[in-house]
Each structure stands twice: as structure tokens, then as C-alpha cells.
Amino acid sequence: MQVNMIINGEPKTLEAEAGDLLLDVLRRNGYKGAKKGCGHGTCGACTVLMDGRPILSCMTFAAQAEGHEIFTVEGLGSVNEPSEMQKIFVNNGAVQCGYCTPGMLLATKALLETNSDPTEEEIKRALDGNLCRCTGYVKIIKAIKEVAAAQKSH
Amino acid sequence: MAQSTWHHPQSVAQTLKLLNTYAGQCVVVGGATTLALRKDKLPPHIIDLSAANLSFVRVAPASTLIGSMTRMADMSPKALPGVGGAFLAEVAAHVATTPLRNMITLGGNVAQCYAWSEMPLALLAMDATVHLRSLSSRRRIKATKFFSQSSSRIIRDGEIITQIEYPNYEAGQAAFGYEQIRRTVTDYPLLSVAVFLTQDKGIITSSHIVVGSIKTRPVLVTQPSGMMLDKAIDDIDIDLLSAKAAKDLIISSDPRASTGYKQEMVTVLCRRALSTALAGLAK
């Protein structure tokens, strides 16, 4: 079957079987920022945004993305041209092994689009579905506060 | 893996037709959180409810109807009116984690009714009504009946949950208390307690204490609930009722906590939830 969706602002038609997970289909098509971690909805490494909201692509069928807008970490920036959010994460040491980072960045993007000045508690709650097994939470939270401040100053 | 066919019905009527056509060979997908985990065991036909117009909130004079495809994240106090709405919003905010709340649906939480599903707890406490439809029938089942046995014995072949209905109560008419403990944010609840009370002129007219995560389905603690009926709000002995609730329960073992610990915590959470609910009525 073919699944039509908008990925990072571009209309795409991707081949998928009915039982294919969105995570697998995205990765097969080059969107490798979303990672397979736990595979059952606990770790958040597979996080992508669907219509602006974080969802877990390891627990979503690709067919469910039909007609929806999907945003992956590739939409934020690249190694050569990182977004301001990515630069701030790097500058704060909020990236260790990096496996959770795409999910953290996307959860941050979704949070700041609805709440431009989150409290620390609101940041923690927004990131409650994203685990960092390097336990680098302090620097991640610090980075998110800095991203919020930077976005406000623009 | 055998290939399945994906169906994307645009209405409830189309959905029911498909369920009838592919009886015994299909499964419905809502949030899909659990079905995706069983992707190797999919039946020949998958019926996706996401476009079937089942995500809505409709407010009638006496009650509110919430579509079964409504996501936990959309169950905010702004979206759901009255005391019952505030109660459901409070409980929905405690279901799973942020990305999962963007996926999990009310109907899925009710239909699956896992030990860790939180919405059944609130619906049982309010004695909400579950609406089901098939091609040939429409049924309304009170939560007390719906959650008295496995949902697979309640929901018939060819039938889906279409909406959940709860009565509209104004502030002061009704109040709730809800408590939950988890070991970590990503863990499912170790224990939950929901209390829902209604009153008329200072006298309790209905009372439900429900305990979750101790059995496969939430448990309505009947006797302590009944002990509040027709009593003045000020005469409720919270400590006595909380202790009685814990004593009356048979708590299954849980690798995460001992039975004794959970028993003790039922008392604590009941006390807190009852205090909150009674304070809400006294306002």
C-alpha cells in the first residue's frame, strides 16, 4: 500500500505494508533520526511529531500517518547546518551518547510551540516520555531553558 | 508475516459495515499502542478508526458525550465541562507519559481495560455510561456493569464503543478526589484511588470509592461507599472509611510492592481522595 504524508513540510508517498510501523518506514526512507530503543513505548527514542505533537513511532502503524504531518529531527537541521536548538544542546553538553537526542529535541520543539516560557516542572513533564540512559537530564533541562530564552529574545 | 489489508472508514456506519463483512478476520485500531506490539499476529483486515468521526465532545443539557477516539491529551478541563469533566481531565493527565497521551484513546483505555488503565477507574466512580454500536443494535451499559467482567465478554462481535457519557454536575453538586502512586514516571500505577461524591443540601446522595491496580479491573469498594449515603458531609469519618476500604479488599501480589504495603497505601490514598472530595463538596 501507499501512505501519503507530509514529512518535514514536504508531501511524500511511501510504500508500506499494513503491519509496518511508522518507525521502520521512516528509517527505510532515510529518516534515521528516529531510533528503535525499547520497542514498547517506554524510552521515547522513536519520538516524532505528528501534527505537532510528540508520538511514539514504534507504536504507530505507518498507515495511521496517512494524511498527517510528520516532523522528524531531520527537519530541524543537519550536521552541517544545525538549528539553534541543536547548537544549544551541543554547547550545553546535553548530548552524550546521542541516542535519545532526536526524541529530546522533538519533545522540546513541541513544548516550546505551546509554552514559550516553561517552568522546570513543565519541562520535566513534557519530557516524561523520553529517557536518557546516560542520565544527562540536568544538562538537557538547562539546554531547554536556554533554547526558550533564545527563542523569546528573537 | 501474512499481509493484512488496511481499511480507513470515514464514518461509524462504514466501520460497522466492515466489521460485519470481515467478522472474525479483523481488528479495530484506535491509538494502536498495543496492537502495534503484536504486529506479527495481525488478522487479515485492520480497521482504522481514526477517520470515523469518533473524536468529539458533545455537551447536552444533562450529560456530556465523549467520542471513543478522543485522545487523553485532548481531555483537558477546558474541553470537558462540569465536575465530571474536571475529574476525567485530572485522571487523563495521569495516564502514561506525554507522547502516549497523544496516542491513547478513551475508547481503547475502556475496551482494553488493563490493570493499569486509569480511565475505567474514573468512569466507574462516576458510573458513566458506555455506548456501543453494531450494525443491528445500539446499547448503553453503565460502567458498574461494563467493568464487572472482562470487556471481551461485554463487547459483542461486530460492535464498537462509540462514546462515553457522563452526567453534568455543577460545582458544589458533586466533587471528586483522585490519588495515584507510581515508582517512576514511565511505570504504570502501583495503586490508584478515585472517589466521586454527589450531595443535596449537605447530605451525600451518591458515593463511590474505586481502587485501581490491585486486580485486572478496577474495584468498586461497595460497603465503605454505601456507608456515606444519606449522611451529612460533616459526619463522614474519613479514617474509618479508609481503613474499612483497605480491609475489605483482597489485593493481588505485585512484584513491585508487597500486598501489605499496597494494603497500607490503599488506606493512605483513600484518606487523601476522600478528604479532597469532601472538601470539594463543602466549598
Side-chain angles (χ1 to χ4, degrees), chain A residues 1-4 16-25 34 37-68 103-104 106-108 110-111 114-115 121-133 137, chain B residues 1-10 22 25-52 55 69 71-74 76 78 93-105 108 114 116 182-188:
Chain A
M1 66 189 287
Q2 292 190 320
V3 185
N4 300 298
E17 292 192 359
D20 280 348
L21 298 177
L22 179 59
L23 171 67
D24 297 330
V25 172
C38 67
H40 60 252
T42 299
C43 75
C46 65
T47 302
V48 298
L49 304 185
M50 185 184 275
D51 302 331
R53 292 175 169 192
I55 60 142
L56 303 175
S57 60
C58 79
M59 299 185 80
T60 304
F61 290 109
Q64 288 180 287
E66 172 69 36
H68 291 279
M104 292 288 181
L106 292 169
T108 302
L111 167 68
T114 53
N115 180 358
E121 277 312 303
E122 287 167 336
I123 293 172
K124 286 180 182 173
R125 184 161 168 78
L127 264 60
D128 64 1
N130 296 84
L131 300 183
C132 169
R133 288 303 73 192
Y137 296 105
Chain B
M1 184 175 74
Q3 282 197 13
S4 304
T5 303
W6 192 273
H7 301 272
H8 216 107
Q10 304 294 302
Y22 301 115
Q25 309 171 62
C26 65
V27 66
V28 291
V29 171
T33 51
T34 50
L35 189 64
L37 296 177
R38 298 185 281 122
K39 67 187 181 83
D40 294 333
K41 294 178 187 164
L42 293 173
H45 298 276
I46 303 170
I47 302 170
D48 180 358
L49 298 180
S50 62
S55 180
M69 279 295 289
R71 315 265 168 183
M72 294 295 108
D74 292 324
S76 67
K78 277 185 188 167
H94 285 81
V95 170
T97 58
T98 301
L100 284 169
R101 282 192 293 277
N102 289 328
M103 303 166 69
I104 295 171
T105 62
Y114 294 115
W116 54 85
R182 298 195 223 179
R183 288 183 312 173
T184 65
V185 287
T186 55
D187 194 13
Y188 55 85

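In what follows, every chain begins at residue 1, and chains take the letters A, B, ... in the order their sequences are listed. Hydrogens, waters and symmetry mates are skipped; everything else that's a heavy atom, side chains included, is used.
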Top residue by heavy-atom pair count (under 4.5 Å) with chain A, among Asp187(B), Leu35(B), Thr5(B)?
-> Leu35(B)

Looking only at Asn102(B), Ile46(B), Val185(B), the option with the highest number of non-hydrogen pairs under 4.5 Å against chain A is Asn102(B)

Ion pair present between Asp74(B) and Arg101(B), side-chain N to carboxylate O less than 4.0 angstrom?
-> no

Where Cys58(A) and Gly39(A) come nearest, the two heavy atoms and their spacing | SG-C, 3.8 Å

Shortest non-hydrogen contact from Asp48(B) to Gln64(A)?
-> OD2-CG, 3.9 Å

Check whether [X] gets within reach of chain B through its side chain, its backbone, both or neither, counting any heavy atom under 4.5 Å.
X	value
Ala63(A)	both
Leu49(A)	neither
Cys43(A)	neither
Thr60(A)	both
Asp24(A)	side chain

With respect to chain B, which residue among Ile55(A), Leu127(A), Thr42(A) yields the maximal number of heavy-atom pairs within a distance under 4.5 Å?
-> Ile55(A)

Counting distance only, does the side-chain N/O of Glu66(A) pair as donor-acceptor with the main-chain N or O of Val3(A) below 3.5 Å?
-> no

Donor-acceptor under 3.5 Å (Thr98(B) side chain, Arg125(A) main chain) | yes

Can Asn130(A) and Thr47(A) be counted as having a side-chain donor-acceptor contact under 3.5 angstrom?
-> yes

